[in-house]
Amino acid sequence: MKFKEVILHLLDHGVFTPKETKEIASFVGCSERYIQKVIKEFNLPKPDNHPTVETYIKAILSGLDSKQKIADFFGINRRSLLRFENKNISIKKISRYLYIAGIDLKTICHLYRLSEEETAALQELPTIAGVKNDLKTISAILHPFKTSCKDIDTKHANVNKILWSL
């Protein structure tokens with residue numbers, strides 16, 4: 001293995017912390033300056049960790065509830081995150097999606113500083129959890145009658161397929 005591979009392996013597995021440059025240099029047998037270069041490269045944000053709309057949504061769905069936490073997740077500062085949001089994200093669209101997906105309304109209002117009208121408009125939207133509950137109710141109602149009519153049996157099967165896919 002090359003020095004760089006050994007250093008990255010030690011850092012990845014937590015044998016040494018990035019602040020222990022002298023210890024790593026003596027263990028590997030190279031200069032401390034080389035260790036610092038490798039550590040700098042190690043600490044750069046990973047290409048798959050750059051903010052995209054998809055990764056931004058995943059970050060919020062994973063429970064990150066403030067701009068600073070989201071920025072830290074991507075390894076960028078808060079100003080860069082705000083530039084990304086202004087350039088790539090429609091606040092109305094993203095807040096609607098997050099509400100439908102099941103994120104708490106208080107968190108959405110905190111992240112995007114929604115007005116009372118916007119908050120009221122969000123509350124009128126159906127959520128996935130609500131739709132699932134409605135489909136369970138429909139399935140329970142259709143279940144006793146599914147053997148008596150082929151049409152009801154087909155509808156019951158379709159409702160259960162949709163419920164299963166959600």
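The structure displayed is predicted, hence computed values, not measured ones.
- Around the CZ atom of Phe27, the shell of radius 6.0 Å holds no more than 12 heavy atoms that belong to other residues, nucleotides or ligands.
- With hydrogens and angles disregarded, no donor-acceptor distance shorter than 3.5 Å links the side chain of Asp153 to the backbone of Cys149.
- Of the candidates Leu98, Ile60, Asp65, Thr107 forms a side chain to side chain contact (heavy atoms under 4.5 Å, CB included) with just one, namely Asp65.
- When the shell of 6.0 Å around CD of Glu116 is examined, it contains 12 or fewer heavy atoms from other residues, nucleotides or ligands.
- Expressed to the nearest 0.5 Å, how far CG of Asp151 lies from NE2 of His156 amounts to 13.5 Å.
- Side-chain contact between Lys146 and His143: present, with at least one pair of heavy atoms (C-beta onward) separated by less than 4.5 Å.
- At distances below 3.5 Å, at least one donor-acceptor pair connects side-chain atoms of Glu118 with backbone N or O atoms of Ser115.
- The two residues Cys30 and Tyr34 come nearest to each other via the heavy atoms SG-CD2, 3.9 Å.
- Judged purely by distance below 3.5 Å, without hydrogens or angles, the side chains of Asn77 and Ser80 pair a donor atom with an acceptor atom.
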#### Entry: Verdict with reasoning, Arg83 to Arg79, per side chain to side chain contact (heavy atoms under 4.5 Å, CB included)
CA-CA 6 Å; Arg83 268 189 249 123; Arg79 180 173 289 178; 3.3 Å; yes

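- In this structure, His9 NE2 and Glu5 CD are separated by 11.0 Å, a value rounded to the nearest 0.5 Å.
- Put simply, the side chain of Leu64 does not reach to within 4.5 Å of the side chain of Tyr56, judged on heavy atoms.
- Hydrophobic cluster membership differs between Leu82 and Ile57, with clusters built from Ile, Leu, Val, Met, Phe, Trp and Tyr side chains linked at under 4.5 angstrom.
- Applying side chain to side chain contact (heavy atoms under 4.5 Å, CB included) to Ile94 and the options Asn88, Leu111, Ile89, Ile108 leaves one that passes, Ile89.
- Note that OG1 of Thr55 and CZ of Phe74 are 3.5 Å apart. Values are rounded to the nearest 0.5 Å.
- Side-chain atoms of Leu114 and Ile91, non-hydrogen and from C-beta on, do get closer than 4.5 Å to each other.
- In this structure, Lys67 and Glu85 have side chains that are in contact, with non-hydrogen atoms separated by less than 4.5 Å.
- The minimum heavy-atom distance between Pro51 and Ile76, with the atom names listed, is CG-CD1, 3.9 Å.
- Between Leu125 and Leu122, some side-chain heavy-atom pair lies under the 4.5 Å cut-off.
- Contact between His110 and Ser66 at its shortest, heavy atoms only, is NE2-CB, 4.4 Å.
- Side-chain atoms of Glu32 and Gln36, non-hydrogen and from C-beta on, do get closer than 4.5 Å to each other.
- Under a hydrophobic clustering in which Ile, Leu, Val, Met, Phe, Trp and Tyr are joined whenever their side-chain heavy atoms come within less than 4.5 Å, directly or via other members, Ile162 and Val159 fall into the same cluster.
- Counting heavy atoms from C-beta on, the side chains of Val38 and Phe3 never come closer than 4.5 Å.
- Both Val15 and Leu8 belong to a single network of hydrophobic side chains, linked directly or stepwise wherever heavy atoms of I, L, V, M, F, W or Y lie under 4.5 Å apart.
- When atom types are taken as modelled, the side chain of Ser139 and the backbone of Leu135 share no donor-acceptor pair closer than 3.5 angstrom.
- Here the CD1 atom belonging to Ile7 is positioned 3.0 Å from the CD1 atom belonging to Ile35, to the nearest 0.5 angstrom.
- Note that the CG atom of Asn133 and the CD1 atom of Ile128 stand 13.5 Å from one another [nearest 0.5 Å].
- Considering only heavy atoms from C-beta on, Tyr99 stays 4.5 Å or farther from Ile103 through its side chain.
- The shortest heavy-atom contact between Val131 and Pro126 is CG2-CB, 4.3 Å.
- Contact detail for Lys136 and Leu163: the closest heavy-atom pair is CG-CD2, 3.7 Å.
- Going from atom OG1 of Thr119 over to atom CD of Glu117 covers 8.5 Å, rounded to the nearest 0.5 Å.
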